[in-house]
Amino acid sequence: MKKKVLLGAEGYRLLDRFGIPHPKYGLAHSEDEAAGIAENLGFPVVMKVISPDIIHKSDAGGVVLDIGSAGEAREAYSRIIRNSLSAVPGALIEGVIVEKSARPGLEILVGGKTDPAFGKTLTFGTGGTNVSIYKDVSFAILPLTPEKAKKMIRGISAFPLIRGYRGSKPKDEAEMVRILVNAARMFGETPGLSEFDINPLRLYEEGACAIDTAFIFDESTVPAAQVVRGENAPADTGIFSPSSIALVGASEKPGKVGTTMAEKLAKFPGEFYPVNPTDDEIFGFKCYQSVMDIPGSVDMAVISVPAPLVPGIAKECGEKCVKIAVIISAGFRETGEEGAKIEDIITETGKKYGMRIVGPNCLGLISPCKGYDTTFLPITPLPGNIAFISQSGALLNAVIDWSLSYGLGYSLVASVGNQCDLKFTDYLVWAQSDENTRAIIMYIEDVGDGRRFMELVSEISPEKPVVVIKAGSSDKGHLAAASHTGSLAGSHEIYIEAFKECGAISASSIEDAFYSAEFLAHRKRYPKGGRVVVLTNAGGFAVLASDYAEKYGLNIIDLPTDVKEKFDGFLPSYWSRRNPVDIVGDARMDRFVAALDLLCKNEDFWDICVVISIPSNNIPFEQLAGEIIKKTKETEKRLVPVFVGGEEMKQGRDTLTSAGIPSFDEPETAFRVMGGIVESRHVSGDLQ
């Protein structure tokens with residue numbers, strides 16, 4: 001269906017249905033009619049072109065302001081028609097709307113967009129002609145409550161202008177909340193409405209007025225969540241704990257993918273069945289010509305053969321009652337129409353036999369604790385308590401290699417591939433049910449069913465924190481959108497808002513993701529709040545810590561008077577006497593221990609204690625690490641060690657890692673990670 005744009009009087013009538021105020025108006029089709037309407041409304045008036053081909057009227061010269069007489073109205077009508085046809089030759093001009101001029105006010109944008117993953121979303125921010133330059137906006141995913149509306153309003157940089165700034169009176173925040181809630185209702189309840197702008201809406205000390213609107217209808221627009229959800233039943237997580245695995249495409253020939261996989265699966269503690277019609281034995285295991293020839297039952301089949309052969313093998317696996325097929329092979333939907341047809345066949349085969357499918361075009365699954373690795377990577381990760389779920393096989397390969405150098409381990413690893421059957425949400429449920437998993441990292445390009453994803457993360461994240469790396473922040477696809485909202489509310493921005501709403505922690509890098517997950521895998525999980533005290537033997541880093549805290553939304557809390565006095569009792573007279581607490585560069589171990597002890601005995605005023613230390617001959621850092629481990633056990637608050645330096649500090653960091661306490665080698669990363677964690681809990685309502 002071709003999109004239909006609703007402008008002018010039709011748009012105002014839609015606003016009327018939902019109680020959103022707008023100016024008095026009339027629609028003119030001639031100079032004389034424009035003059036008559038203007039005289040009836042009373043001067044001054046504003047006149048604007050109405051054309052489905054011209055969304056941004058000002059850019060086309062289709063708006064004239066401050067018209068003060070009938071003669072000016074006639075001239076404005078002619079000028080608007082002339083400018084509009086010059087800017088957009090052949091444009092359909094439906095008329096010129098004549099409006100009573102609204103009094104000046106704070107210009108606001110309210111808009112809506114239908115996101116492919118999350119459905120209908122609302123945008124709020126500073127409005128007017130410069131909206132796309134300043135991009136001072138906040139987002140929400142429908143439905144919208146008054147509480148969420150208030151968060152949207154208070155989430156923009158220009159909120160002080162609404163609250164009242166430098167002597168200016170506050171604007172009507174309660175009316176703005178009412179309009180946002182009603183705009184969300186309008187968006188959700190109007191059939192076919194896929195996108196809209198109210199820009200500007202002028203907000204006053206009392207009341208508001210919508211000055212200009214554009215409503216875009218596309219009846220073919222259906223939120224992806226409605227399409228994806230319910231295609232397949234949720235996976236039984238027992239399928240990820242196989243007792244027997246068959247490898248179709250197994251080999252012993254050097255350099256073959258099937259050789260690497262067979263070498264790994266030969267170490268599986270359950271039954272391993274290599275399948276290859278040309279071999280009798282592979283790595284000491286009897287080799288079978290097909291899955292059907294295997295005498296025992298097969299729980300999991302790993303398939304690595306050319307794509308055209310996969311449908312036949314999938315059918316055999318179905319007939320063999322295989323519970324889950326991991327299809328490593330590429331050459332499916334990602335290659336075009338022919339590949340998509342093959343993928344559809346194997347998807348239907350899986351449904352027919354009740355066999356779940358991983359991939360195709362994936363790297364596979366790894367469960368270090370269950371003893372299997374179905375990938376063809378040259379390395380196998382260490383066991384640990386972090387689940388990693390990735391939409392990129394290449395990234396997963398690099399991350400596993402990186403983690404080995406840092407001594408990090410995994411509870412499970414999943415490369416999701418094309419997700420013809422099992423989706424991100426199925427792997428999330430697997431991680432949720434896995435007793436070894438304490439935190440989850442996800443690399444996401446597109447979740448598909450965004451609503452289901454949010455429901456699950458909201459359920460999982462309080463017990464097993466979820467950290468997300470979202471690709472696509474530089475996506476250019478939305479820049480040609482029809483409305484201001486379409487260009488502002490890009491896919492990446494909506495994903496980030498979704499993560500905030502459901503309590504996921506958004507990480508901008510692999511390093512930050514693992515730091516966050518390590519920190520949250522601790523039994524204490526989240527810090528209680530964002531009040532920070534910094535303890536350091538480096539004055540320069542004390543100054544930097546204050547800068548980093550402000551940059552990443554953490555609060556360097558004032559020291560209570562009694563705590564200052566207690567510090568006076570054992571610190572030199574020239575100590576900082578404020579937070580950050582600089583215990584001075586000549587500090588020995590006893591000074592660090594006394595300071596930590598004092599803070600842990602007076603923990604009511606802080607939530608996070610960042611301990612920043614630099615190399616010093618006075619301090620054995622392995623011993624300092626031991627003190628931090630000891631104090632971590634004594635307090636429910638979070639201690640964050642930052643051991644700045646190289647080899648001299650490594651032993652201390654290794655001691656902390658072995659005790660399950662992540663440490664940092666420079667302070668900005670620590671504050672960035674803590675800030676992201678604290679922000680996620682504030683937004684989701686878990687912190688006061």
Side-chain angles (χ1 to χ4, degrees), residues 1-29 33-34 37 41 45-60 62-65 77 80 84 88 91-102 105 107-114 120-125 127-129 131 142 175-176 178-203 207-219 221 481-489:
M1 171 186 170
K2 184 179 179 180
K3 290 185 177 181
K4 174 186 175 184
V5 181
L6 202 67
L7 300 166
E10 289 180 293
Y12 284 162
R13 284 194 286 272
L14 183 56
L15 294 184
D16 285 334
R17 286 175 49 201
F18 292 91
I20 299 174
H22 57 79
K24 294 180 179 180
Y25 67 92
L27 186 63
H29 299 89
E33 196 172 0
I37 293 170
L41 290 173
V45 297
V46 175
M47 292 171 56
K48 297 178 284 192
V49 67
I50 301 301
S51 169
D53 301 316
I54 302 173
I55 305 298
H56 304 309
K57 307 175 187 67
S58 297
D59 296 346
V63 178
V64 178
L65 308 174
Y77 182 92
I80 286 171
S84 299
V88 186
L92 173 63
I93 307 295
E94 296 180 350
V96 173
I97 195 167
V98 185
E99 299 177 358
K100 177 69 177 173
S101 292
E107 296 201 332
I108 297 293
L109 165 78
V110 177
K113 179 185 176 182
T114 305
K120 293 192 172 182
T121 65
L122 206 69
T123 303
F124 168 84
T129 56
V131 60
L142 268 56
E175 174 67 357
M176 193 67 254
R178 187 192 70 83
I179 289 173
L180 281 175
V181 171
N182 285 2
R185 280 185 49 235
M186 174 185 70
F187 196 22
E189 296 174 13
T190 304
L193 180 58
S194 63
E195 192 172 324
F196 77 91
D197 270 356
I198 302 172
N199 181 40
L201 180 143
R202 287 184 183 165
L203 185 62
C209 186
I211 305 302
D212 202 1
T213 64
F215 298 94
I216 301 169
F217 285 77
D218 182 353
E219 292 180 358
T221 299
S483 69
H484 289 297
T485 299
S487 64
L488 293 168

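Starting from 1, each residue takes its place in the sequence as its number.
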Heavy-atom distance under 4.5 Å between the side chains of [X] and [Y], does that happen here?
| X | Y | answer |
| --- | --- | --- |
| Y77 | V64 | no |
| E33 | L27 | no |
| E107 | I211 | no |
| P21 | I179 | yes |

Practice task
Give the C-alpha distance, both sets of side-chain angles, the deciding distance and a yes or no for side chain to side chain contact (heavy atoms under 4.5 Å, CB included) between V181 and F18.
Solution key: CA-CA 10 Å; V181 171; F18 292 91; over 6 Å; no
Exercise for the section: Let me see the working for E99 and K24 under salt bridge (Lys or Arg N to Asp or Glu O under 4.0 Å), right down to the final yes or no. Expected result: CA-CA 6 Å; E99 299 177 358; K24 294 180 179 180; over 6 Å; no
Do the side chain of [X] and the main chain of [Y] share a donor and acceptor less than 3.5 angstrom apart?
| X | Y | result |
| --- | --- | --- |
| H29 | E94 | yes |
| T213 | I198 | no |
| D53 | L92 | yes |

[X] side, atom [atom1]; [Y] side, atom [atom2] - distance, nearest 0.5 Å:
| X | Y | atom1 | atom2 | answer |
| --- | --- | --- | --- | --- |
| T121 | L142 | OG1 | CG | 7.5 Å |
| H56 | D197 | NE2 | CG | 7.5 Å |
| M186 | I20 | CE | CD1 | 4.5 Å |
| F187 | L14 | CZ | CG | 11.5 Å |
| R202 | D212 | CZ | CG | 10.5 Å |
| I50 | I97 | CD1 | CD1 | 5.0 Å |

At their closest point, which heavy atom of [X] faces which heavy atom of [Y], and how far apart are they?
| X | Y | value |
| --- | --- | --- |
| K120 | L193 | NZ-O, 3.0 Å |
| A208 | L203 | CB-CD1, 4.0 Å |
| A9 | Y25 | CB-CE1, 3.4 Å |
| P52 | V5 | O-CG2, 4.0 Å |
| S84 | I80 | OG-O, 2.7 Å |
| I55 | A214 | CG2-CB, 4.3 Å |

Exercise for the section: Applying side chain to side chain contact (heavy atoms under 4.5 Å, CB included), run through L6 and F196 and close with a yes or a no. Expected result: CA-CA 9 Å; L6 202 67; F196 77 91; over 6 Å; no
Problem - Option passing side chain to side chain contact (heavy atoms under 4.5 Å, CB included) with V88 (candidates I54, I93, V49, D59) - result: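 Single pass found, and it is I54.
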Exercise for the section: Please state whether the rings of Y12 and H22 are parallel, tilted or perpendicular, taking 30° and 60° as the class boundaries. Expected result: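 Ring orientation, 0 to 90° scale: parallel.
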